[in-house]
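This report refers to the structure that appears directly beneath it.
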Number of protein chains: 2
Amino acid sequence: MTSKATSIDIAYRAGVSQSTVSRALRNSPLVNLETRQRIQAIAKELNYKVDKNASNLRTQNSHTLALLICEDPTNDESLINPFFLSMLGSITRATAQQGYDLLVSFQQLSSDWHADYEDSNKADGIILLGYGDYVDYEHKLQKLLEQNTHFIIWGAEHNNKEVLSIGCDNHQGGVIATEHILSLNFKNIAFLGDASEHSPEFRDRYLGHAEALKKAGIKLNKKCQFDAISTESSGFDAAMKLLDSGHQFDSIFAASDLIAIGAIRALKQRGVNVPEDIAVVGYDDIPVASFANPALTTVKQNTKLAGEILVESLLKLIRGKDVGPQLIPTNLVVRQSCGGVDKS
Amino acid sequence: MTSKATSIDIAYRAGVSQSTVSRALRNSPLVNLETRQRIQAIAKELNYKVDKNASNLRTQNSHTLALLICEDPTNDESLINPFFLSMLGSITRATAQQGYDLLVSFQQLSSDWHADYEDSNKADGIILLGYGDYVDYEHKLQKLLEQNTHFIIWGAEHNNKEVLSIGCDNHQGGVIATEHILSLNFKNIAFLGDASEHSPEFRDRYLGHAEALKKAGIKLNKKCQFDAISTESSGFDAAMKLLDSGHQFDSIFAASDLIAIGAIRALKQRGVNVPEDIAVVGYDDIPVASFANPALTTVKQNTKLAGEILVESLLKLIRGKDVGPQLIPTNLVVRQSCGGVDKS
DNA sequence: CTGAAAGCGCTTACAG
DNA sequence: CTGAAAGCGCTTACAG
């Protein structure tokens, strides 16, 4: 009783062949209904579970997806980008919903990629999170491509069309954030975040920002742009530089919530009030956003939908169906950091 | 070239038997060094990876751990307890460090447990997170025990000694939180959180609180205790009840940060200043804690260490070694919500 | 509707 | 040091 029951044990008890047990457990209509039910009852009684290794080996697929999350080494190791954590939650759920298991792994930027999940038949496909900064990963993606690995990458559309990417519409997000600021009569918007082609997601947000400005007939305030990566401290530093630059601005569009929160800390430290003196919009709507002080007005990425689409698309890819890149719409969440609505 | 290479392909190329290939790839000293290196080179060239399903089937272990996170259905589904998310991060890392893979799954409270990871040989053992509320799960744990599943549960020590539990020292945490409040000359402490045996972790915190009070010769303020589960809104509600009760108090010990944050919102809404009028201490040190307004003074659970110990202990259990329950020490993080130190 | 048989790709006694 | 062989527990043509 200590060792696990196998299909042969069940076959013996049911007085049928092992093949019939296997069919019955998969609920095959080939097996007589009565026999089927009897077998299933015995299986339940014995607490029998199909051995995944055996069935996967036989069918040559694992019914498992792997999620690789890029870990920013500049961060304290316990501080994974909270946005990715939200995505992790929704991807986990979406995967389970499709009857798949999910293998999760954090990958150091520096270390060798152990993206051999598919090669070793541990997973049928891979979801890449946090590799938006694709410049540094190009050769690794190339290798995945060469190996015919099924994978999908979260982020801006990739310049290599063979790489399937799913992401939120960062351009549109940049537009709505900027339009919101403008609608509140701020006209001189600073931008905090790396807008180079090195950070395609930030860049798209910036491009949307620029477009909205242009549409409104307002010039980009190039002097008030400072690079930042998506951490609180980087946002703090960038805002300090902005402040020290002496250039005029009445509002800030931060390329991420973490940057926005850091910037607000810098502003406060210099005695600047948000939103009375300076309005701030963030991006992501991470859980912290609503607890910030003032609560952040921000562009929400729909992580639930994103997770579902990511998983669905990867599954299609695995099954050899046609899938293209997709852009998920974003929406504005108005809180207090720009004024406008005050529901404190 | 499209289909994956097998050990037989390598054997063919290397001019040896498949058994020798298998040995060489596991770097067995039985194989001649030169032959071994030649085989490994060919494997690399062919981008060969051992098929995990086959090797797991053969060796009957999966080198995989499963993590089950209990999902509180009262929450919006995107809002997983941030403390669990931190734990997830550290467990993922600790698992990888041990050369294991991690299967992650969120389980609905209501739904049937698909804790069949081990039965189906998908995992060698299971980590249970968020099942501290064990009363409701007793029979399920019992079943796991009966099936000889290797599992470990995060939380307070379990009354059933067969269940291996690892958790932070909640009693000690309650003591240090309370001592801190007392050291700042608050004497009338309200407690927010369910202190019944239904929530063993909260209860231990409460017991530590009571002990510290007793030691200081101060009576428990029983009238100022209100139940709350670990959500912001529950904390808000509990604080409202406390306020409405009309009983006097000068400080609050919240059984979790989320409760504390909700309580602070309630206090603010009623025009009560924190920490000037009322001091508040939380518990957990979730990422949000430092962004709260005022930033939360709280009891930090060392999630990094906790993840490591959890994984190590489970592995010991799997390997048949002796393991006992462990209590991880906590420490106080002083921020602004109690006054005392002000580094805003 | 059912059974006997092959085979998925490994690991590991066993024999040399 | 190496090879032939068995077998892990399934699924699924094939034959009846």
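Order of the sequence lines sets the chain letters (A, B, ...), proteins ahead of strands, with each chain counted from 1.
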Tell me, please, which residues at least two apart from B:D101 pass salt bridge (Lys or Arg N to Asp or Glu O under 4.0 Å).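 Scan of B:D101 (salt bridge (Lys or Arg N to Asp or Glu O under 4.0 Å), adjacent residues dropped) gives A:K122.
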
Partners passing salt bridge (Lys or Arg N to Asp or Glu O under 4.0 Å) against B:E312 (at least two apart in sequence or in another chain):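 Scan of B:E312 (salt bridge (Lys or Arg N to Asp or Glu O under 4.0 Å), adjacent residues dropped) gives none.
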
Rounded to whole Å, please give me the gap between [atom1] in [X] and [atom2] in [N].
| X | N | atom1 | atom2 | answer |
| --- | --- | --- | --- | --- |
| A:I39 | C:dC1 | CD1 | P | 13 Å |
| A:Q37 | C:dC1 | CD | C1' | 15 Å |
| B:L57 | D:dA6 | CG | P | 17 Å |
| A:N121 | D:dG9 | CG | P | 19 Å |
| A:N61 | C:dG9 | CG | C1' | 15 Å |
| B:L30 | C:dA15 | CG | C1' | 14 Å |
| A:K122 | C:dG9 | NZ | P | 18 Å |

Provide the distance between the two C1' atoms, one in D:dG16 and one in D:dT12, to the nearest whole Å.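 To the nearest whole Å, 16 Å.
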
When the P atoms of D:dG9 and D:dA13 are considered, how many whole Å apart are they?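 Rounded to whole Å, the distance is 23 Å.
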
All N/O pairs under 3.5 Å across the protein-nucleotides 10-12 of chain D interface:
residue: D:dC10; atom: OP1; partner: A:Y48; partner atom: OH; Å: 2.6
residue: D:dC10; atom: OP2; partner: A:S7; partner atom: N; Å: 3.1
residue: D:dC10; atom: OP2; partner: A:S7; partner atom: OG; Å: 2.6
residue: D:dC10; atom: O5'; partner: A:Y48; partner atom: OH; Å: 2.9
residue: D:dT11; atom: OP1; partner: A:R26; partner atom: NE; Å: 3.1
residue: D:dT11; atom: OP2; partner: A:S22; partner atom: OG; Å: 2.3
residue: D:dT11; atom: O2; partner: A:R58; partner atom: NH1; Å: 2.2
residue: D:dT11; atom: O4; partner: A:Q18; partner atom: OE1; Å: 3.2
residue: D:dT12; atom: O4'; partner: A:R58; partner atom: NH2; Å: 3.4

Taking the six-membered ring for Trp, are A:F83 and A:W154 parallel (under 30°), tilted (30 to 60°) or perpendicular (over 60°)?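 Because their plane-to-plane angle lies in the 30° to 60° range, the rings of A:F83 and A:W154 count as tilted.
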
Strictly by salt bridge (Lys or Arg N to Asp or Glu O under 4.0 Å), give each pair with a member in residues 14-31 of chain B just once, sequence neighbours left out.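 Listed by first then second residue: nothing to list.
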
Can you tell me which stems DNA chain D forms, taking runs of 3 or more consecutive Watson-Crick or G-U pairs with both distances under 3.5 Å?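 Consecutive-pair runs (3 or more) involving DNA chain D: C:1-3 with D:14-16, C:5-12 with D:5-12, C:14-16 with D:1-3.
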
Would you sort out whether B:E308 and B:K304 count as a salt bridge (charged side-chain N to carboxylate O under 4.0 Å, His left out), showing the intermediate values? CA-CA 6 Å; B:E308 285 165 5; B:K304 181 168 185 289; 3.2 Å; yes

Applying side-chain hydrogen bond (donor to acceptor under 3.5 Å, both in side chains) between B:S62 and each of B:N53, B:N56, B:D124, report the one that passes.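 Result for side-chain hydrogen bond (donor to acceptor under 3.5 Å, both in side chains) with B:S62: B:D124.
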
Quick one, A:I127 and A:L68 - any side-chain contact, counting heavy atoms below 4.5 Å?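 Not touching, per the 4.5 Å side-chain cut-off.
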
I'd like to check the side-chain contact (heavy atoms from CB on, under 4.5 Å) partners of B:A66; sequence neighbours left out, ordered by chain and number.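 B:L103, B:Y117, B:A123, B:I126.
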
Judged by modelled atom types alone, do A:T20 and A:S17 share a side-chain donor-acceptor pair under 3.5 Å?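 Yes, because at least one side-chain N or O of A:T20 sits under 3.5 Å from a partner of the opposite role on A:S17.
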
